Amino acid sequence: MPELPEVEVVRRTLAPRMVGDRVARIEARAPALREPLDAAALAGDLEGRRIEAVRRRAKYLLFDVKGGRTLALHLGMSGRLTLAEAGGAADELAEGAADGAAGGAAAEAAPGKHEHLVIHLASGRRLRFVDPRRFGLAFSLPTAAIGADPHFAHLGVEPLSDAFDGALLKAAARGRRGPVKPFLMDAKVVVGVGNIYASEALFAAGVHPRRSVARIAPARWRRLAAAVRETLERAIVQGGSSISDFVDGEGRAGYFQVTFAVYDREGLPCPRCATPVRRLVQAGRSTFYCPGCQT
DNA sequence: CGTAGACCCTGCGCGC
DNA sequence: TGCGCGCAGGGTCTAC
């Protein structure tokens with residue numbers, strides 16, 4: 001569910017309510033995520049420590065605690081975080097929001113299906129990590145060693161940073177030949193551009209998803225970089241405004257506020273020229289584009 | 001080195 | 001109404 005904007009919206013929701021609080025207890029259960037949960041390491045690194053910052057790198061959420069350790073969470077495809085307030089009432093709300101599919105059976109097990117991790121805070125709040133498809137990740141590491149960690153070492157530039165521009169894309173494309181859409185989604189080039197916003201940014205820039213990166217001139221790279229940035233920033237603003245009403249840290253609501261120009265709109269009219277939107281498959285992922293607007 | 005494809009896993013929506 | 005199939009926001013590994 002999460003691309004960079006959704007992760008960033010969750011981060012902004014959680015940060016003011018978690019920074020300054022303390023990790024009281026880590027509760028790890030459910031089957032392994034992409035990598036097995038190391039409950040002992042999480043407890044040893046985090047329990048009893050004050051949360052100093054909630055940051056983001058690519059699609060990872062980073063919770064820095066006092067003593068130089070960091071909890072890293074990745075939501076994968078289906079991960080969700082909910083921050084339940086102290087006391088019972090808000091708890092139920094969070095459960096309901098997090099488990100939309102479990103409808104019929106009232107006899108669901110108490111902890112909730114697919115609940116992998118619960119972080120109990122000293123204030124009584126609880127951060128729950130639910131991930132049905134188990135593509136997510138949760139691990140702790142020394143804060144100072146994040147850059148060298150294999151999960152982060154090869155990551156490219158942040159798309160909302162000053163370093164990200166047309167010149168960077170052009171340089172990264174040197175010696176490459178493939179289509180631009182998978183290139184945009186390559187985290188070694190630029191992080192956080194997932195399948196939805198890759199299609200959306202290409203549409204906004206008027207670039208055909210199959211165009212070879214070897215045949216993109218500087219002006220077009222500039223347009224594309226600007227489109228990536230603006231598309232992500234707009235999604236953050238829209239997701240953020242929709243989420244501010246929520247009592248929990250649920251990220252999914254943001255998606256319902258954002259309207260896509262082409263993504264998941266095969267056959268529907270392009271918002272700019274009314275030509276029917278087309279779908280194709282690249283690197284195993286669906287791409288949506290307007291054959292009239294994108295060259 | 002760069003790229004394409006398979007694979008990890010569960011749930012949902014659609015067509016029959 | 002039930003069942004099988006295809007597809008889903010991510011990332012990594014292997015084979016070419």
Side-chain angles (χ1 to χ4, degrees), chain A residues 1-10 30-37 56-61 72-81 98-105 108 112-116 129-139 149-156 159 171-201 209-214 228 231-232 235-236 238-239 243 250-260 262-267 279-288:
Chain A
M1 119 184 359
E3 294 191 27
L4 185 150
E6 288 67 38
V7 177
E8 178 60 22
V9 166
V10 170
L33 293 165
R34 200 165 86 221
E35 297 165 9
L37 277 181
R56 180 189 57 75
R57 171 69 171 121
K59 293 165 190 163
Y60 289 87
L61 282 168
L73 294 183
H74 194 294
L75 302 181
M77 289 273 248
S78 57
R80 291 183 207 172
L81 284 174
D99 222 345
E108 200 67 59
K113 233 173 145 187
H114 306 304
E115 187 172 273
H116 293 90
F129 181 21
V130 174
D131 184 10
R133 286 179 74 181
R134 293 197 261 141
F135 292 158
L137 280 177
F139 58 96
D149 183 273
H151 296 95
F152 302 94
H154 65 276
L155 291 178
R174 178 174 308 204
R176 292 223 198 184
R177 224 160 280 232
V180 63
K181 195 258 196 170
F183 172 82
L184 267 190
M185 291 178 68
D186 184 347
K188 291 195 278 297
V189 176
V190 54
V191 299
V193 184
N195 201 42
I196 292 178
Y197 295 112
S199 280
E200 292 296 306
R210 274 200 181 126
R211 173 175 283 271
S212 165
V213 297
V228 166
T231 303
L232 296 176
I236 290 170
Q238 291 179 311
I243 210 170
E250 169 71 22
R252 181 166 178 80
Y255 264 116
F256 294 123
Q257 295 305 116
V258 179
T259 56
F260 303 127
V262 288
Y263 183 81
D264 203 22
R265 290 177 54 83
E266 183 181 15
R279 171 183 180 271
L280 58 86
V281 175
Q282 295 177 290
R285 317 291 299 272
S286 286
T287 302
F288 300 88

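Throughout, a chain's letter reflects where its sequence line sits, starting with A, and its residues are numbered from 1. A quick note: this is a predicted structure, and the numbers were derived from the prediction, not measured.
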d(CD, A/Glu8; P, C/dG9) in whole Å: 21 Å
With A/Tyr263 via ring pair (Phe, Tyr, Trp, His ring centres under 6.0 Å) - residues at least two apart: A/Phe260, A/Phe288
Check: A/Glu200/A/Thr231 side-chain N/O donor and acceptor closer than 3.5 Å: no
A/Arg279 CZ - C/dC7 P separation (whole Å): 6 Å
Heavy-atom donor-acceptor pair, A/Arg56 side chain to A/Ala58 backbone, under 3.5 Å: yes
Touch class at under 4.0 angstrom, heavy-atom based, for A/Arg285 against every strand present: base
Touch class at under 4.0 angstrom, heavy-atom based, for A/Arg176 against every strand present: sugar-phosphate
Under 3.5 Å donor-acceptor, A/Gln238 side chain and A/Ala235 backbone: no
Sugar-phosphate only, base, or nothing, as touched by A/Tyr263 at under 4.0 Å among non-hydrogen atoms: sugar-phosphate
Secondary-structure stems, DNA chain C, at least 3 Watson-Crick or G-U base pairs under 3.5 Å: B:2-8 with C:10-16, B:10-16 with C:2-8
Under 3.5 Å: donor-acceptor pair, side chain of A/His154, backbone of A/Phe152: no
Side-chain donor/acceptor of A/Arg133 to base of B/dC9, under 3.5 Å: yes
Under 3.5 Å donor-acceptor, A/Ser78 side chain and A/Asp131 backbone: no
Touch class at under 4.0 angstrom, heavy-atom based, for A/Gly284 against every strand present: nothing
Gap in Å between the two P atoms, one belonging to C/dC7 and one to B/dG5, rounded: 15 Å
